[in-house]
Participant: 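I have a structure here, written as structure tokens, and I will follow up with some questions on it.
Note that the coordinates shown come from a computational prediction; the quantities given were computed from them, not determined experimentally. Per chain, numbering begins at 1; letters A, B, ... match sequence-line order.
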There are 2 protein chains.
Amino acid sequence: MAKFRLDEVDHQILDILIDNTRTPFTDIAKRLNVSAGTVHVRVRKMEEAGIIVGSSLTLNYRKLGYSFIAYVGVFLQKTSQTKFVLERINEIPFVTVAHVTTGKFNIFCKIRARNTEHAKQIIFELDDIEGVYRTETMISLEESLNDKKRLMHSIFKEM
Amino acid sequence: MAKFRLDEVDHQILDILIDNTRTPFTDIAKRLNVSAGTVHVRVRKMEEAGIIVGSSLTLNYRKLGYSFIAYVGVFLQKTSQTKFVLERINEIPFVTVAHVTTGKFNIFCKIRARNTEHAKQIIFELDDIEGVYRTETMISLEESLNDKKRLMHSIFKEM
DNA sequence: GGTGAAAGCACCGAGTT
DNA sequence: AACTCGGTGCTTTCACC
């Protein structure tokens with residue numbers, strides 16, 4: 001996959017939009033001392049290049065009653081079942097991400113639930129998938145996000 | 001934490017904005033057969049209630065040259081060192097999330113890197129933190145995201 | 001809590017340097 | 001590639017329901 005080069009202006013535009021995608025382009029333009037048209041063109045080019053894939057809301061799931069997070073490692077009877085099991089996993093609501101991994105587990109996923117009882121149901125669903133040998137659950141007691149902005153800064157520094 | 005009740009209109013507004021935060025409120029209004037003012041007020045109320053925390057861009061890190069993802073389980077010498085180690089972990093760029101967990105590991109984090117060489121450096125930094133006994137790495141071979149939209153639909157169904 | 005209209009801005013393309 | 005400018009359309013408020 002081709003690596004796309006971003007200049008300082010692109011960096012700064014991303015930096016502002018990562019924090020708030022609805023920041024008016026005229027505001028960004030003022031802050032960066034360029035015209036709003038330039039901001040517009042830059043953003044469009046980053047979209048066309050596939051760097052900016054889309055935009056989304058950051059929601060507080062706790063406030064919606066979903067404060068339980070756990071990671072579940074999945075062991076398979078045979079690794080050849082990976083594709084099949086991954087598809088089944090993706091059908092389970094509340095599984096937010098799944099990874100095929102090297103190391104201890106064959107598949108590794110993250111779940112978001114209301115409480116332990118709810119999580120139990122989800123884990124039982126995972127356990128019930130044909131080809132799953134057993135699962136191992138790690139409950140998150142504390143989540144510490146290192147936000148996107150910092151990751152972008154680290155990436156910019158290396159460019 | 002109080003659970004905030006969302007009605008059908010709120011659901012649908014979130015549903016649209018989760019996909020694209022820049023969808024004009026006038027468009028949303030037309031689709032939902034309400035006025036643009038209503039959409040505006042609903043969004044503001046969800047922001048005030050802390051349901052909508054912010055908005056962010058979805059970026060393609062692969063295109064920026066960062067296609068390596070791994071999960072690293074961290075074992076501590078003593079659990080009393082958790083806070084200290086977590087703070088050190090959060091200072092390492094390219095660690096995107098860290099969780100204090102029950103189960104096999106004491107701390108569990110996700111890293112994003114350019115390649116295996118770069119990942120090695122990051123893992124060595126983790127290993128070097130005072131109080132870290134050893135780490136265990138699981139490299140992601142395939143990531144399968146179950147998008148936010150589906151999670152929200154599952155949450156709506158349960159409300 | 002919703003509406004519709006109106007004022008103020010933002011978007012975004014065309015034309016220019 | 002970036003700027004200015006202008007038509008079009010979006011946001012946001014407010015008096016009224």
Participant: Could you report the tightest heavy-atom contact between A:Ala36 and A:Ala29, atom names first, then the distance?
Facilitator: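 That would be N-CB, 3.5 Å.
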Participant: Just verifying a value: how many Å separate A:Lys110 NZ and A:Phe108 CZ, rounded to the nearest 0.5 Å?
Facilitator: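 CZ of A:Phe108 is found 10.0 Å from NZ of A:Lys110.
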Participant: Could you tell me how the ring of A:Tyr71 sits relative to the ring of B:His99: parallel (under 30°), tilted (30 to 60°) or perpendicular (over 60°)?
Facilitator: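 Because their plane-to-plane angle is over 60°, the rings of A:Tyr71 and B:His99 count as perpendicular.
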Participant: Name all residues meeting the ring pair (Phe, Tyr, Trp, His ring centres under 6.0 Å) criterion together with B:His153; count only those two or more places apart in sequence or in a different chain, and write none if there are none.
Facilitator: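 With neighbours one apart ignored, the set is empty.
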Participant: Walk along DNA chain C from 5' to 3' and tell me the first and last nucleotide with an atom closer than 4.0 Å to a non-hydrogen atom of chain A.
Facilitator: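 Nucleotide range with atoms under 4.0 Å of chain A: C:dA10 to C:dG13.
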Participant: For B:Gln121 and B:His118, indicate whether the former's side chain and the latter's backbone hold a donor-acceptor pair under 3.5 Å.
Facilitator: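 Looks like no, no N/O pair under 3.5 Å.
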Participant: Apply side-chain hydrogen bond (donor to acceptor under 3.5 Å, both in side chains) to the pair B:Ser55 and B:Thr21, showing each step before the final yes or no.
Facilitator: CA-CA 7 Å; B:Ser55 60; B:Thr21 56; 4.9 Å; no
Participant: With sequence neighbours excluded, give me every salt bridge (Lys or Arg N to Asp or Glu O under 4.0 Å) pair touching residues 23-32 of chain B.
Facilitator: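 Applying salt bridge (Lys or Arg N to Asp or Glu O under 4.0 Å) to every pair that reaches into residues 23-32 of chain B, excluding sequence neighbours, yields nothing.
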Participant: Would A:Val34 end up clustered with A:Leu14 when hydrophobic side chains under 4.5 Å apart are linked, directly or stepwise?
Facilitator: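 They do share one cluster, since a chain of ILVMFWY contacts under 4.5 Å joins A:Val34 to A:Leu14.
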Participant: Which letters describe nucleotides 2-17 of chain D, given B = protein heavy atom under 4.0 Å from base, S = only from sugar-phosphate, - = neither?
Facilitator: SSB-----SBBB----
Participant: What residues form a side chain to side chain donor-acceptor pair (under 3.5 Å) with B:Ser35, not counting sequence neighbours?
Facilitator: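 B:Ser35 satisfies side chain to side chain donor-acceptor pair (under 3.5 Å) with B:Thr38 once adjacent residues are dropped.
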Participant: With under 30° as parallel and over 60° as perpendicular, where do the rings of B:Tyr66 and B:Phe94 fit, or are they tilted in between?
Facilitator: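 If you compare the ring of B:Tyr66 with that of B:Phe94, the planes turn out parallel.
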Participant: Which of residues 10-21 of chain A sit near DNA chain D, with a heavy atom under 4.0 Å from it?
Facilitator: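 Under 4.0 Å from DNA chain D: no residue of residues 10-21 of chain A.
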